[in-house]
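Counting convention: from 1, in listed order, for ligands and their atoms alike. Just so you know, residue 1 is the first one in the sequence shown, and it goes up from there.
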Amino acid sequence: MSSNEKIPVAVLGATGSVGQKFIELLANHPWFQIEEVAASERSAGKLYKDAVNWILASPLPKDIAGLTVKECEPNLKSKIVFSGLDSSVAGPIEEAFAKKGYVVVSNSKNHRMDKDVPLLVPEINADHLELVKTQNYNGGCIVTNPNCSTIGMVLALKPLADKFGLEAVNVVTMQALSGAGYPGVSSLDIIDNVIPFISGEEPKLETEPLKILGKFAKDHIEDENFKVSAQCNRVAVVDGHTECVQVKLKKKASIEEIKEAWLNFSAEPQKYNLPTAPVHPIYYFEEDKYPQPRIHRNIDKGMAVSIGRLREDPIFDYKFVILSHNTNRGAAGGALLCAELMKAKGLL
Ligand code: NAP
């Protein structure tokens with residue numbers, strides 16, 4: 001696709017932690033091209049390079065640096081908008097865009113649990129996209145990406161749910177600082193420390209997986225029936241959420257069968273060869289000391305989940321450790337994959 005055939009897109013919340021990741025990932029995207037960036041009234045009217053505190057390792061793309069930041073009003077030229085808006089404002093803004101006919105792909109929590117909104121992980125519940133046809137947004141729609149910790153966990157759970165069924169899941173997270181946005185947690189709070197609380201996080205991990213792994217039923221999703229218990233901690237890691245997971249399965253499974261289920265897992269994004277799809281959604285490490293965030297968070301474009309330390313559990317059946325990149329797979333990369341799947345299915 002030449003650059004003038006690419007689909008123009010806008011990023012809402014373009015100056016934030018997720019917004020910057022969108023800009024990085026969209027810089028050389030084969031299908032989409034950023035035409036507009038928007039943020040709060042604090043940033044609107046400024047050149048993007050002056051409004052943003054660019055914190056990514058890759059250089060700020062020159063063509064984006066010179067864009068003037070717009071307000072998050074539904075008068076943009078691009079009909080596809082990626083939202084990395086703060087959740088205190090995302091709800092009504094995203095709805096206003098959808099009502100004006102825009103396709104909104106969002107990272108914010110606000111619409112995730114709406115009955116007619118897909119909570120999409122393209123490898124898991126591509127069929128849930130059918131829900132957009134039941135939305136009443138004058139041709140526009142809202143599609144959401146789950147919470148950043150949920151995404152890594154459900155990718156590990158999906159092959160187990162399909163093969164053995166899930167009865168109960170316990171998860172303890174060690175979540176990266178970039179998950180708190182920018183500037184996020186104060187250095188004096190987190191250096192030499194672990195904070196055993198992330199506001200609103202545990203309820204998301206305990207509810208979102210049930211919808212994601214649920215069944216599409218014409219105009220809603222029937223939640224999957226298993227229990228999740230979550231404890232979430234903030235740790236002094238820049239990117240990459242680590243999660244210690246325990247599972248109780250419905251059917252007996254051996255360690256080898258579980259590993260095989262993970263390693264053979266592949267789904268629609270891989271079948272369509274979507275540009276942002278990981279070649280293998282799941283990587284399994286045999287080394288006891290892996291996975292680790294600093295070493296493994298960028299595997300397969302930061303879109304794969306890394307798993308290790310699978311072993312029997314005396315209370316549940318099995319326990320293991322997972323790692324996934326929170327702003328890539330858990331946010332901007334995940335949302336981009338949703339939009340790519342929508343294009344592949346003729347929904348854009
Ligand atoms: P962030 O760094 O705080 O960025 C928030 C963005 O929202 C900024 O661009 C900000 O613009 C904009 N904004 C704030 N108030 C606004 C207003 N009144 N009108 C319009 N724009 C406004 O947050 P983040 O970490 O990128 O997170 C963005 C969303 O993604 C949140 O809902 C978060 O929960 C979700 N999420 C984050 C992660 C992650 O790993 N960080 C993962 C998954 C989901 P200004 O710069 O102009 O203030």
Side-chain angles (χ1 to χ4, degrees), residues 10-25 36-56 64 67-74 76 81-97 104-112 119-121 142-154 173-185 198-201 203-205 208 232 234-235 237-243 293 297 302-303 323-338:
V11 178
L12 309 181
T15 48
S17 182
V18 173
Q20 293 186 30
K21 193 46 106 176
F22 269 126
I23 285 166
E24 182 181 66
L25 296 177
E36 293 152 299
V37 289
S40 78
E41 57 188 21
R42 295 178 288 279
S43 307
K46 295 181 185 164
L47 291 180
Y48 183 75
K49 68 180 169 63
D50 299 327
V52 72
N53 180 6
W54 186 257
I55 52 167
L56 300 183
I64 307 298
L67 290 178
T68 300
V69 179
K70 300 192 170 173
E71 288 190 32
C72 292
E73 298 285 345
L76 303 181
V81 299
F82 290 103
S83 168
L85 284 169
D86 190 273
S87 60
S88 62
V89 294
I93 294 178
E94 292 171 357
E95 211 169 309
F97 271 88
V104 180
V105 184
S106 172
N107 282 289
S108 299
K109 66 178 181 185
N110 309 64
H111 293 288
R112 284 183 192 149
L119 183 53
L120 192 65
V121 181
I142 300 178
V143 171
T144 58
N145 200 23
N147 166 271
C148 43
S149 291
T150 303
I151 294 184
M153 185 173 78
V154 288
T173 69
M174 287 157 274
Q175 299 187 211
L177 289 167
S178 60
Y182 187 84
V185 185
I198 302 175
S199 179
E201 201 76 354
K204 290 179 207 160
L205 264 165
E208 291 182 6
C232 298
R234 185 74 70 197
V235 297
V237 164
V238 175
D239 289 316
H241 291 349
T242 305
E243 305 176 41
R297 59 192 165 208
M303 290 297 288
L323 165 77
S324 73
H325 197 302
N326 53 295
T327 59
N328 257 332
R329 170 51 93 160
L336 198 46
L337 192 61
C338 293

Trainee: For the residue pair S106 and E94, confirm or rule out a side-chain donor-acceptor distance under 3.5 Å.
Mentor: yes
Trainee: Considering heavy atoms of the protein only, find what lies nearest to atom 38 (C) of ligand 1 and give residue, atom and distance to 0.1 Å.
Mentor: V18 CG2, 3.6 Å
Trainee: Starting from atom 48 (O) of ligand 1, locate the nearest protein heavy atom and write down its residue, its atom name and how far away it is, to 0.1 Å.
Mentor: R42 NH2, 2.7 Å
Trainee: For ligand 1, which is the ligand I care about here, please tell me if G19 has any N or O atom under 3.5 Å from one of the ligand's N or O atoms.
Mentor: no
Trainee: Can you check side-chain contact (heavy atoms from CB on, under 4.5 Å) on R329 and R297, steps first, answer last?
Mentor: CA-CA 10 Å; R329 170 51 93 160; R297 59 192 165 208; over 6 Å; no
Trainee: Looking only at distances, can you tell me whether any N or O atom of N147, backbone or side chain, sits closer than 3.5 Å to an N or O atom of ligand 1?
Mentor: no
Trainee: Determine whether E36 and V81 satisfy the following criterion, side-chain contact (heavy atoms from CB on, under 4.5 Å), listing intermediate values before the conclusion.
Mentor: CA-CA 9 Å; E36 293 152 299; V81 299; over 6 Å; no
Trainee: List the closest protein heavy-atom neighbour of atom 28 (C) of ligand 1: residue, atom name, distance to the nearest 0.1 Å.
Mentor: G84 O, 3.1 Å
Trainee: Taking atom types as modelled, is there a side-chain donor on S178 or D239 under 3.5 Å from an acceptor on the other?
Mentor: yes
Trainee: So for ligand 1, is P146 a polar contact partner (N or O within less than 3.5 Å, distance only)?
Mentor: no
Trainee: For ligand 1, which atoms, with element, lie under 4.0 Å from some heavy atom of G181?
Mentor: 2 (O), 23 (O), 24 (P), 25 (O)
Trainee: For ligand 1, which atoms sit closer than 4.0 Å to a heavy atom of N326?
Mentor: 40 (O), 42 (C)
Trainee: In terms of residue, atom name and distance, what is the protein heavy atom nearest to atom 3 (O) of ligand 1?
Mentor: Y182 O, 3.9 Å
Trainee: Please identify which of these residues, V143, T144, N147, meets the side-chain contact (heavy atoms from CB on, under 4.5 Å) condition with L119.
Mentor: T144
Trainee: Show the atoms of ligand 1 that are less than 4.0 angstrom away from any heavy atom in A331.
Mentor: 42 (C), 43 (C)
Trainee: Out of all atoms in ligand 1, which are within 4.0 Å of some heavy atom of N107? Include the element for each.
Mentor: 30 (O), 35 (C), 36 (N), 44 (C)
Trainee: Between D86 and ligand 1, does any nitrogen or oxygen pair lie at a separation below 3.5 Å?
Mentor: yes
Trainee: Would you tell me whether Q20 and T15 have side-chain atoms, one donor and one acceptor, within less than 3.5 Å of each other?
Mentor: no
Trainee: Do we see a donor-acceptor contact under 3.5 Å between the side chains of N107 and S83?
Mentor: no
Trainee: Under 3.5 Å, side chain of T173 to main-chain N/O of Q175, donor-acceptor pair present?
Mentor: no
Trainee: Using heavy atoms and a 4.0 Å limit, tell me yes or no: is S178 in contact with ligand 1?
Mentor: yes
Trainee: State, with a plain yes or no, whether a side-chain heavy atom of Y182 is found less than 4.5 Å away from one of I55.
Mentor: yes
Trainee: Consider every N or O of R112 and every N or O of ligand 1, then say whether any pair is closer than 3.5 Å.
Mentor: no
Trainee: Specify side chain, backbone, both or neither for L85, according to which of its non-hydrogen atoms lie closer than 4.0 Å to ligand 1.
Mentor: both
Trainee: Within ligand 1, which atoms have a heavy atom of G330 less than 4.0 Å away?
Mentor: 42 (C), 43 (C)
Trainee: Evaluate the side-chain proximity of T68 to L47: yes if any heavy-atom separation is below 4.5 Å, no if none is.
Mentor: yes
Trainee: If we only consider heavy atoms of K109, is any one of them less than 4.0 Å away from an atom in ligand 1?
Mentor: no
Trainee: Regarding atom 13 (N) of ligand 1: of the candidates S40, A51, S43, S88, which has the closest heavy atom?
Mentor: S40
Trainee: Under 4.0 Å from any heavy atom of T15, which atoms of ligand 1 are there?
Mentor: 8 (C), 9 (O), 10 (C), 11 (O), 45 (P), 46 (O), 47 (O)
Trainee: Less than 4.0 Å between atom 32 (O) of ligand 1 and some protein heavy atom, yes or no?
Mentor: yes
Trainee: Just to verify, which of R112, E208, K204 counts as forming a side chain to side chain donor-acceptor pair (under 3.5 Å) with T150?
Mentor: E208
Trainee: Taking distance alone, with no angle check, do G16 and ligand 1 share an N/O pair under 3.5 Å?
Mentor: yes
Trainee: Distance to 0.1 Å, residue and atom name: give those for the protein heavy atom nearest to atom 12 (C) of ligand 1.
Mentor: G13 CA, 4.1 Å
Trainee: Going by heavy-atom distance to atom 18 (N) of ligand 1, choose the closest among N328, V89, I151.
Mentor: V89
Trainee: Any donor and acceptor pair, going by atom type alone, linking the side chain of H241 with main-chain N or O of A176 inside 3.5 Å?
Mentor: yes
Trainee: Please give me the minimum heavy-atom distance between L336 and L25, naming the atom from each residue.
Mentor: CD2-CB, 3.7 Å
Trainee: Would a 4.5 Å heavy-atom cut-off, applied to side chains only, mark Y48 and I23 as touching?
Mentor: yes
